[in-house]
Amino acid sequence: MTALPAPPAAPTAPREPDETPARRGRRPPLRSGINDATRKAQRRLGILLVLPTVVIMAVFLLFPLGNAVYYLFVDFNGIDLAPPFIGLDNFAELAGDPDVWAAFRNNVIWIVIGTVAPLVLGLGLALLLWGVRRGSAIYRVIFFLPYVLPQVAVGVVWGWIYEPTRGWLNRVLDAVGLESITTGWLGNPDTALYAVLATAIWTAVGFVFVIILSALRNVDTEQVDASLLDGANWFQRLRYIVLPQIMPVFVMVTAITLIGGFAVFDLVFVMTGGGPAGATEVLGTLAYSSAFQLNRISYGTTLALFITALAVPFAVWLDRVQARLARERTGG
Amino acid sequence: MTGREGGRTKKPYAPGQAGPGRHLLLAVVAVFTLFPLILTVSTTLKTSQDVKVNPFGLFTSFSTENLVTAFTVGQFGDYLLNSILLTVPSTLLVVVLSTMAGYAFARLPFPGRTPAFYLVVLGLLVPFFAYMIPLYFQLRSMGLLDSLIGINLVLASTQLSFGTWFMRAFFTDLPVELEQAARVDGATEWQIFGRIMVPLVTSGMGALSVFTFLQNWNNFLVPLLYMPGGNYRPLTTGLYLFLGGRSVDIGPLAAGTLITILPVVVLFVVMQRQVTQGFISGAVKG
C-alpha cells in the first residue's frame with residue numbers, strides 16, 4: 001500500500017461468499033434450525049460487528065477518494081476552499097508536461113527491470129533451496145528479511161554502499177580491477193536510477209522467493225523422478241516439469257511485483273529525492289512534490305490518480321489469475 | 001542433500017542434487033543479503049574517531065557512543081516511543097475490528113451486507129496513493145493532523161480491508177455444525193461469536209497482528225504526509241529527518257538505522273512463520 005514494494009493488499013476482489021452458512025440460512029430456515037428470533041439476533045450482531053469498519057473505511061477511504069475525483073476538475077491550491085472549476089485542464093496539462101513523461105519513462109524502466117530481475121533471482125534462489133534440508137529454515141529467514149525492513153532504513157544503508165570514495169561497491173570494484181566503472185552511483189544521473197532500482201531488487205527478491213518456494217512444495221515429485229529416469233537434463237526438467245506446475249503462482253507474483261512498481265515512492269524519495277536533475281523522478285515523487293511542495297494540490301492528485309489508473313489493467317489481470325488459482329485449489 | 005531412502009516419501013528435489021557446491025552458493029547469497037545489516041551494526045559500534053576515518057570498514061573498533069548520541073542528540077528514544085504509540089493501537093484496532101467484520105461477512109446475514117462488502121473490496125483495490133492528497137486536507141479540517149488518534153485511525157484504515165478479508169477466510173473455514181450445536185444448547189449469537197468462534201481463529205489473529213504491526217511500523221508515507229508539525233514523529237520519518245539534517249554524522253545515523261530496524265528484525269525472526277503466512281496468503285488466496 002504505502003511502504004512496501006509489492007503491496008500485500010494486492011489480493012484483489014474476494015468473491016461474495018455465496019456458500020456461507022449465513023446465506024444458506026435464508027432458504028428453508030427449518031433445515032438448519034434457524035428461527036425468526038435467531039435471524040433477527042444475527043442481523044443485529046452483523047450490523048454491530050461491521051459498523052466500526054464501515055465507518056472508518058467511509059471516512060478515511062471513500063470520502064477522500066470522492067474528493068480526489070472532485071480535485072481533478074478544479075484548481076485547488078490548498079487554501080481557497082471554493083476552488084475554480086477548470087474542466088479538463090489538469091488532464092491537458094498532464095498530457096503535455098515533459099516532466100510527467102520523463103517520470104513515466106523512469107516508471108517503465110523501474111517496472112520492467114524491477115519485475116524481471118526479482119522474478120529471475122527469486123526463482124533461482126527458490127530452486128536452489130528446494131529440496132535442501134539442512135539449514136533451509138535459516139536461509140528462508142535470511143532471504144526474506146530484506147522485504148520486511150523499513151525502506152527508509154534500507155535506503156540509508158545502501159546510500160553508504162554507493163558512496164563514491166569509501167563505499168563498498170567502489171572499493172570492491174577497485175579491488176577486482178574495475179576502477180574504470182567506479183562512480184558516485186547516486187550522484188551520477190546515468191546510474192542513479194539503476195542504483196536505486198538495484199536496492200529495490202535486493203528487497204523484492206525475498207518476496208518472490210518465498211512465494212515460489214511455497215509453490216514448489218506442491219510440485220508433483222513423482223513426475224520429477226520419472227523424468228530423471230527418462231534421462232531429462234536439468235534444464236528440461238525445469239522447463240517441462242517444474243515450471244508448468246508453478247506457472248499460475250509465477251504469473252501471480254509477476255503481477256503483484258509489477259503493480260508495486262507503479263506506486264514506487266519510499267526508496268526513491270529517501271535515496272535521491274528524484275534527483276540528480278530529475279534523473280530518478282518517478283510519478284510518485286512527482287505527485288508528492290506537486291502537491292506538497294508546489295501547492296498544486298489538484299495537479300498532484302491528477303498525477304496520483306493517473307498512476308492508479310495505469311495499474312488498473314494489471315490489477316484486473318492479477319484478479320483473474322488469482323481467481324483461476326482459487327478455482328484450481330478447490331478442484332473446481 | 002541426497003534423498004533418504006525408505007521411510008518417508010522422498011522429499012522433492014530441485015533440478016540437481018544439493019551438494020557442497022549448492023550450500024556454498026547459498027551461503028554466499030546469504031552473506032550478500034545480510035551485508036547491509038552487518039554494515040549497519042559495524043558502523044554503529046565504532047568509536048567516533050574511527051567513523052571519521054573509516055566509517056565502513058567492518059568491526060575495526062568498539063564503542064557504544066553512537067547509540068548514546070542517537071538517543072540523546074538524535075532523539076531516537078522519542079521516535080522509538082512514538083513508533084510504539086502509532087503502531088500498537090492501530091494494530092490492535094485492525095485485529096479487533098477485522099475479526100468482528102470478518103465474522104459478520106463470513107457467517108451472518110444482515111441488511112447492507114453487500115454494499116459494506118464492496119467497501120471492503122474497494123479498500124483492497126484502491127492504493128493509498130490515489131487518495132492520500134485529499135486525505136491531508138480532510139484531516140486538516142478535522143483537526144487530526146499531527147495527532148495520535150488521527151494517525152492511528154489512518155494507519156488502521158489502510159490495513160482494515162486486508163484484515164477483514166484475511167479473517168473472513170478463517171471464519172469461512174469453520175464447520176457450520178459448531179454454531180448449530182451451540183444454538184441448540186441455547187447460546188446467544190454474541191456468545192457463539194465471542195466464546196466459540198473467536199477462540200478458533202486465534203492463529204489467524206496472531207498472524208494478522210504481526211503482519212499489521214510490521215506494515216504500520218514501516219509506514220513512511222503516512223507520518224511524512226500527516227505529521228508535518230513533528231509531534232509524535234516515529235522512527236521512519238525521524239530517521240529521514242536525521243539523514244537530511246546531519247548526513248555527515250554517519251555513526252549516530254547508523255545507530256538510528258539500527259534502532260529503526262532492530263524491532264523489525266527481532267519480531268520477524270521470532271514470528272517468521274506468522275509473517276510469511278500473512279504475506280503468502282496476501283498473495284495467493286483469491
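Convention: sequence-line order gives letters A, B, ...; per-chain numbering from 1.
- For B:F32, the parts lying near chain A are the backbone and the side chain together; criterion is any non-hydrogen pair under 4.5 Å.
- Looking at B:T260, both its backbone and its side chain come within 4.5 Å of chain A, counting heavy atoms on both sides.
- Proximity to chain A involves both the backbone and the side chain of B:Y240, based on heavy atoms less than 4.5 angstrom apart.
- Top candidate by heavy-atom pairs under 4.5 Å with chain A, chosen from B:V154, B:T236, B:L214, is B:T236.
- Most heavy-atom pairs under 4.5 Å with chain A: of the set B:L224, B:V275, B:L267, this distinction falls to B:L224.
- Relative ring orientation between B:H23 and A:Y139 is described as tilted, the plane-to-plane angle lying within the 30° to 60° band.
- Looking only at side-chain heavy atoms (C-beta outward), B:T237 and A:V152 stay at 4.5 Å or farther from each other.
- Looking at every heavy atom in both residues, B:A130 comes nearest to A:L65 through CB-CD1, 4.1 Å.
- Heavy atoms of B:L235 lying under 4.5 Å from chain A are absent altogether.
- Within the 4.5 Å cutoff, the side chain of A:L81 has no heavy atoms near those of the B:F137 side chain.
- For the set B:V184, B:L153, B:T40, the count of heavy-atom pairs under 4.5 angstrom toward chain A peaks at B:L153.
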Evaluate the side chain to side chain contact (heavy atoms under 4.5 Å, CB included) criterion for residues A:F60 and B:T158: first the C-alpha distance (whole Å), next the side-chain angles of each, then the deciding distance (0.1 Å), finally the verdict. CA-CA 9 Å; A:F60 294 102; B:T158 63; over 6 Å; no

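- A:G46 approaches B:A104 most closely through the heavy-atom pair O-CB, 3.9 Å.
- With a 4.5 angstrom heavy-atom cutoff, B:V264 touches chain A only via side-chain atoms.
- With a 4.5 Å cut-off on side-chain heavy atoms, B:S98 and A:T53 do not count as touching.
- Counting heavy atoms from C-beta outward, B:P228 and A:F292 have side chains that stay 4.5 Å or more apart.
- Of the atoms belonging to A:Q236, not a single heavy atom falls under 4.5 Å from chain B.
- Comparing B:T164, B:N54, B:T99, B:L225 by how many heavy-atom pairs each has under 4.5 Å with chain A, the most go to B:L225.
- For B:L144, the part lying under 4.5 angstrom from a heavy atom of chain A is the side chain only.
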Which is it for A:V157 and B:L37 under the side chain to side chain contact (heavy atoms under 4.5 Å, CB included) test, yes or no, and what are the steps along the way? CA-CA 8 Å; A:V157 181; B:L37 297 179; over 6 Å; no

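- Side-chain atoms of A:R166 never come within 3.5 Å of backbone atoms of B:G57 as a donor-acceptor pair (strictly under, hydrogens ignored).
- For a residue to count as touching a neighbouring chain, one of its non-hydrogen atoms must lie under 4.5 Å from one of that chain's; by this rule A:I307 touches chain B with the side chain only.
- Considering CZ of B:F220 and CG of A:L267, their distance stands at 10.0 Å, rounded to 0.5 Å.
- Between the side chain of A:W168 and the backbone N or O of B:F56, at least one donor-acceptor pair lies under 3.5 Å.
- The 12-atom threshold is exceeded at CG of B:L58, counting heavy atoms of other residues, nucleotides or ligands nearer than 6.0 Å.
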Let's go through B:Y131 and A:Y71 carefully: what are the C-alpha distance in whole Å and the side-chain angles of both, what is the deciding distance for side chain to side chain contact (heavy atoms under 4.5 Å, CB included) to 0.1 Å, and is it a yes or a no? CA-CA 10 Å; B:Y131 59 92; A:Y71 283 4; over 6 Å; no

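- Separation of atoms OG1 (B:T257) and CG (A:L149) is listed at 11.0 Å; rounding is to 0.5 Å.
- Residue A:V154 does not touch chain B at all, counting heavy-atom pairs closer than 4.5 Å.
- We find the CZ-CD distance between A:R39 and B:E189 to be 11.5 Å, quoted to the nearest 0.5 Å.
- Of the two parts of A:R171, only the side chain, counted from C-beta on, holds a non-hydrogen atom closer than 4.5 Å to a non-hydrogen atom of chain B.
- Note: B:P55 leads B:P55, B:A116, B:S161 in heavy-atom pairs under 4.5 Å with chain A.
- Within the 4.5 Å cutoff, no side-chain heavy atoms of B:R113 are placed close to those of A:R43.
- The OG atom of B:S157 lies 7.0 Å from the CE atom of A:M57; values are rounded to the nearest 0.5 Å.
- Taking every heavy atom of both residues into account, A:G78 and B:R140 meet most closely at O-NH2, 2.8 Å.
- The shortest non-hydrogen separation linking B:L119 to A:A58 is CD2-N, 4.0 Å.
- Proximity of B:L239 to A:V156: side-chain heavy atoms (C-beta onward) are separated by under 4.5 Å at one or more points.
- Taking chain B as the reference chain and counting heavy-atom pairs below 4.5 Å, the highest number among A:E163, A:R44, A:R140 is found for A:E163.
- The greatest number of non-hydrogen atom pairs below 4.5 Å with chain B, out of A:W158, A:Y288, A:F269, is found for A:F269.
- B:N218 contributes a side-chain N or O that, together with a main-chain N or O of A:V148, makes up a donor-acceptor pair within less than 3.5 Å.
- With contacts defined as side-chain heavy-atom distances shorter than 4.5 Å, the pair A:V59/B:Q138 qualifies.
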Check the pair B:F105, A:L49 against side chain to side chain contact (heavy atoms under 4.5 Å, CB included), reporting the backbone distance first and the verdict last. CA-CA 9 Å; B:F105 283 123; A:L49 292 182; over 6 Å; no

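- Residue contact with chain A, scored on non-hydrogen atoms closer than 4.5 Å, is absent for B:A156.
- Minimum interatomic distance between A:L127 and B:R22 (heavy atoms only, all atoms of both residues): O-NH1, 3.6 Å.
- Looking only at side-chain heavy atoms (C-beta outward), A:L61 and B:F128 stay at 4.5 Å or farther from each other.
- Note: B:T33 OG1 to A:F209 CZ = 9.5 Å, rounded to the nearest 0.5 Å.
- Comparing B:L25, B:V29, B:I261, B:T276 by how many heavy-atom pairs each has under 4.5 Å with chain A, the most go to B:V29.
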Check the pair A:F262, B:F129 against ring pair (Phe, Tyr, Trp, His ring centres under 6.0 Å), reporting the backbone distance first and the verdict last. CA-CA 10 Å; A:F262 285 98; B:F129 237 85; over 10 Å; no

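- Once rounded to the nearest 0.5 Å, the distance linking CG of B:L34 with CD1 of A:I142 reads 4.5 Å.
- Residue with the most contacts toward chain B among A:L48, A:N67, A:T301, A:L303: A:T301 (heavy-atom pairs, distance under 4.5 Å).
- Exactly one of A:L305, A:T302, A:I297 qualifies for a side chain to side chain contact (heavy atoms under 4.5 Å, CB included) with B:I133. That residue is A:I297.
- Only the side chain of A:F76 has a heavy atom closer than 4.5 Å to any heavy atom of chain B.
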